[in-house]
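Read the structure below first, then the notes.
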Protein chains: 2
Amino acid sequence: MDTGYREQINQLDRLRKALKSVGMKLTYQRMVVFEEVAKTNQHPDAEAVYEAVRRHIPSVSLDTVYRTLWLLRDLGLIRTLGPQREKARFDANPHRHHHFVCNACGTAFDFDSPQFDELTVSYKLELVGQVQTAHVELRGICRHCLESMPLRQEKEAKEA
Amino acid sequence: MDTGYREQINQLDRLRKALKSVGMKLTYQRMVVFEEVAKTNQHPDAEAVYEAVRRHIPSVSLDTVYRTLWLLRDLGLIRTLGPQREKARFDANPHRHHHFVCNACGTAFDFDSPQFDELTVSYKLELVGQVQTAHVELRGICRHCLESMPLRQEKEAKEA
DNA sequence: ACACTATTTAGGATTTTATACTATTTAGTA
DNA sequence: TACTAAATAGTATAAAATCCTAAATAGTGT
């Protein structure tokens, strides 16, 4: 449950390297935000992270927490559950299908996959609760964004 | 791409039956909201649904659209992408894992599954974009909610 | 160790998204 | 056709996320 000391060191190191690779600074705020998200398995929302960080940095601003969370996501250090920077979206497609969510623009695409449709839920999972649906969620960069995104690609090129 | 006439009839029928089964009324607003969500595969957000519905019912209120969308979800006629009625949540667990999201309380649980870890993405999907992550999302009712939810169970019992 | 500068932050204003409330209207039923 | 519980419109309010600018800071070179 508790995050080991060694693992904490590793995490800080991952943060340092990731920031360096894109030419950004390692600030105390960024360290604390990452640490707070990393040490829990409760999937906190931005507000909860804000509260946790305030215990270490009482003057931290909510804006900083938001900026940092999205930054960490862009760096691949954390991920979000659900759509990207987006409000709830609705889907009435009654046929079995799966989703590809673009990490850049947030758009969600449906796709069919007989392979993924065959997912079956092992009995062990019934311990967690009553499963109603199972589907696969892919994350990545959609074709459209890949083609029109010089900024991101420049940043990544710096490192190489 | 276009929703066939026959399918539209089916959908209206599904709505009628679902509402009847829980003793709720079939209103014009509910028909139009459902129709608008059902006829697109663009995963509209609430605001987009509101705009679409207004073209048929200029006086419709945003509140009605929201209430109806969540109602349709509770009835199982539509689903939402991402967490339920929840803001973005963050996850720094670097180990491969999957999620169980409770449709009642919105809580997200991690779980491990060697079986799901083996998901591989067929080359065809690369047409959609560059896939970065793949994970399984289960939806259902968590153990905690199952035990403390007489309301919902009463409603479902009515039908039987 | 010190100074320099682009980056980052704090704090508050603003915008966006979602829900609450109540008088009026309506669907379903007798 | 009338009745009644349920649903809606319209507005107020709350909640969540982002924007803006002066002040502070990390990283770099000296």
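The sequence lines fix the lettering, A, B, ..., with proteins before strands; numbering per chain opens at 1.
- A donor-acceptor contact closer than 3.5 angstrom is absent between the side chains of H95(B) and D112(B).
- A distance of 9.0 Å separates CD of Q29(A) from CZ of R67(A), quoted to the nearest 0.5 Å.
- Residue R54(B) contributes atom CZ, which lies 17 Å from atom P of dT8(D) at whole-angstrom precision.
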Q: Determine, for nucleotides 5-14 of chain C in 5'-to-3' order, which nucleotides have protein heavy atoms under 4.0 Å from the base (write B), from only the sugar-phosphate (write S), or from neither (write -).
A: -BBSBBB---

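- Among L26(B), T27(B), L77(B), the one residue that satisfies the side-chain contact (heavy atoms from CB on, under 4.5 Å) test with L19(B) is L26(B).
- Looking at every heavy atom in both residues, Y50(B) comes nearest to V60(B) through CE1-O, 3.5 Å.
- Aromatic ring centres of H135(A) and H99(A): separated by under 6.0 Å.
- One atom, CD of E47(B), and another, C1' of dT16(C), lie 9 Å apart when rounded to the nearest Å.
- Side chains of H97(A) and D117(A): no donor on one and acceptor on the other come within 3.5 Å.
- Atom CG in L69(B) sits about 12 Å away from atom C1' in dA18(C), given to the nearest Å.
- Protein atom OH of Y28(A) is 16 Å distant from nucleotide atom C1' of dA24(D), rounded to whole Å.
- Look at CG on D45(A): it is 13 Å from P on dA15(D), rounded to the nearest Å.
- Considering only side-chain N and O atoms, Y66(B) lies nowhere under 4.0 angstrom from the phosphate OP1 or OP2 of dT19(C).
- Taking side-chain N and O atoms only, W70(A) has a distance below 4.0 Å to OP1 or OP2 of dT18(D).
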